[in-house]
Amino acid sequence: MNDKLPRWVDLALIPLINLILAFLVAGLVVVFIGEDPIQAVRLLLVGSLGSSYGIGFTLYYATTFVFTGLAVAIAFHAGLFNIGGEGQAALGGIGATLVCLAFDWPHWTLALPFAILGACLFGAAWAFIPGYLQAKRGSHIVITTIMFNFIGAALVVYLLVNVLKVPGSMAPETRNFAEGTHLPFMHEILGVFGVTISKTPLNLSAFLALIGAFLTWLLIWRSRLGYEMRALGFSEPAAVYAGIDPVRITIIAMVLSGAMAGMMALNVVMGFQHRLVLDYVGGAGFVGIAVALMGRNHPVGVVIAAILFGILYQGGAELAFDMPNISREMIVVIQALVILFTGALENLVRFPMEKLFVKSGTRTG
């Protein structure tokens, strides 16, 4: 938080201006390739928010990004830049899968608590090692989490090809889970109340993501552990002077971050695919970094930013279909611009805002 700026400027106005700048630059790119940027924006919004089908897919993607964004935010408050969400989510998928394959579960209400435990334990275990190395050996958390992303991906490939694959099958994926492990889809939940919407992958995990955001808020701002994490993130010497053990807090923060990243497996593995497939994470761990940055590492901001990236994912797919000159790679460029302006170029807006409000404060004082 910046003391020079009002809270609403730091949390809302600056991200909004950064987002507008990102889309303006993206619009120039669209013009450069010979397409109408206004039409492109219309197709993007209609494809993502113009129907219950589009909204369902948008919120499905957003659910995944909420989990990975919260994972980054939890570690960030302790002064740790955890970019290993991709690997931690992949291992979380293994944990949830082992639970789902262990028994012929009669109902999802029985399987879900154990799947949550499995996903959290595996994700937390994969984050524990970089956290331990940072706390005890001084290994930089960015380097170790990058390495563990690749190690985790290789481990998942090995397990899918040599251990979990269906015998006689060439596809690197597990068998389908028992029906009792399938989380209910949102169209099924709303159908009970007489509300009819299109069939989409949106499932019960969306509520779990919101609960996760609320619990993250309680952890960071309403608990002693959260206070210790934030104190360490602000100043390690001051935290040590106050009696806070940086080794313990570093490891705990990384474990909690990894557990949250592992939770995304519930949305994809149990809620939609109903089996574990190769590369099921699909880059969501890296998108979580942008979501956390744009959401200022606050749970509410993370949820809003996750919805924005869900719009880009779903609307981008429709845009690439309706505008041949705009490929899927073009959508990645737009996402990269959002990340660039909300992350690396944030001070492009922040510094002028600070000057403006400092001068304004001086005049009014």
Side-chain angles (χ1 to χ4, degrees), residues 1 64-92 119-149 151-152 209 212-236 239 244-265 281 283-303 305-306 339 342-343 346:
M1 185 67 63
T64 294
F65 301 149
V66 167
F67 286 123
T68 55
L70 290 174
V72 175
I74 290 171
F76 188 86
H77 282 289
L80 302 166
F81 195 25
N82 176 21
I83 61 174
E86 192 81 0
Q88 294 149 20
L91 268 292
C120 288
L121 283 177
F122 274 65
W126 206 245
F128 167 80
I129 304 174
Y132 177 86
L133 293 174
Q134 164 85 11
K136 287 288 193 178
R137 302 298 180 187
S139 303
H140 201 289
I141 199 72
V142 171
I143 303 301
T144 53
T145 49
I146 288 175
M147 294 171 61
F148 270 72
N149 281 336
I151 297 171
F214 177 69
L215 293 178
T216 299
W217 176 80
L218 288 179
L219 167 69
I220 301 299
W221 282 281
R222 290 295 185 272
S223 72
R224 177 176 177 177
L225 175 59
Y227 170 79
E228 293 176 338
M229 290 169 59
R230 287 185 288 121
L232 180 63
F234 279 122
S235 172
E236 181 174 340
I244 297 171
D245 182 3
V247 172
R248 180 179 70 90
I249 296 301
T250 295
I251 294 176
I252 290 176
M254 283 301 295
V255 165
L256 293 175
S257 177
M260 186 63 73
M263 283 283 289
M264 73 144 285
V281 183
F286 297 115
V287 175
I289 300 172
V291 167
L293 288 174
M294 187 171 182
R296 292 297 189 271
N297 296 293
H298 191 285
V300 175
V302 166
V303 171
I339 296 171
T342 57
E346 178 194 358

Decide yes or no for L70 and M263: does some side-chain heavy atom of the first lie under 4.5 Å from some side-chain heavy atom of the second?
no
Which distance, rounded to the nearest 0.5 Å, do you find between the CG of L293 and the CZ of F81?
5.5 Å
Locate the shortest heavy-atom distance separating A127 from G258; write the atom from each residue and the value.
CB-CA, 3.6 Å
Note: I251 and A135 closest approach over all heavy atoms is CG1-CB, 4.0 Å
Nearest heavy atoms of L91 and G152, plus distance in Å
CD2-CA, 3.8 Å
Does the side chain of L80 come within less than 4.5 Å of T250's, by heavy atoms?
yes
Pairwise distance CZ(F128) to CD1(I252) - rounded to 0.5 angstrom:
11.0 Å
Please find the pair of heavy atoms, one from P130 and one from T144, that lie closest to each other, and give the distance.
CB-OG1, 3.4 Å
Checking W126 side chain against F148 main chain: does a donor-acceptor pair fall under 3.5 Å?
yes
Within this structure, what is the CD1-CG distance for the pair I220 and L225, rounded to the nearest 0.5 Å?
7.5 Å
Within the distance-only criterion (no hydrogens, no angle test), does the side chain of N82 pair as donor or acceptor with the backbone N or O of V72 below 3.5 angstrom?
no
For residues M260 and A71, report the shortest heavy-atom separation together with the two atoms involved.
CG-N, 3.8 Å
Heavy-atom side-chain contact between T68 and V287 under 4.5 Å
no
For a 4.5 angstrom cut-off between non-hydrogen side-chain atoms, does W217 reach H298?
yes
Looking at every non-hydrogen atom in both residues, tell me the closest pair between Q134 and S139 and how far apart they are.
OE1-O, 2.7 Å
Verify, without hydrogens or angle tests, whether S257 (side chain) and A253 (backbone) share a donor-acceptor contact under 3.5 angstrom.
no
With rounding to the nearest 0.5 angstrom, report the CD1 to OG1 distance, I143 to T145.
8.0 Å
To the nearest 0.5 Å, how far apart are CG in L215 and CG in L256?
11.0 Å
Any side-chain heavy-atom pair of H77 and L219 under 4.5 Å:
no
Is a donor on one side and an acceptor on the other found under 3.5 Å between the side chain of E86 and the backbone of G283?
yes
Decide yes or no for W221 and R230: does some side-chain heavy atom of the first lie under 4.5 Å from some side-chain heavy atom of the second?
yes
Given side chains that start at C-beta, do those of V302 and V291 come closer than 4.5 Å, heavy atoms only?
yes
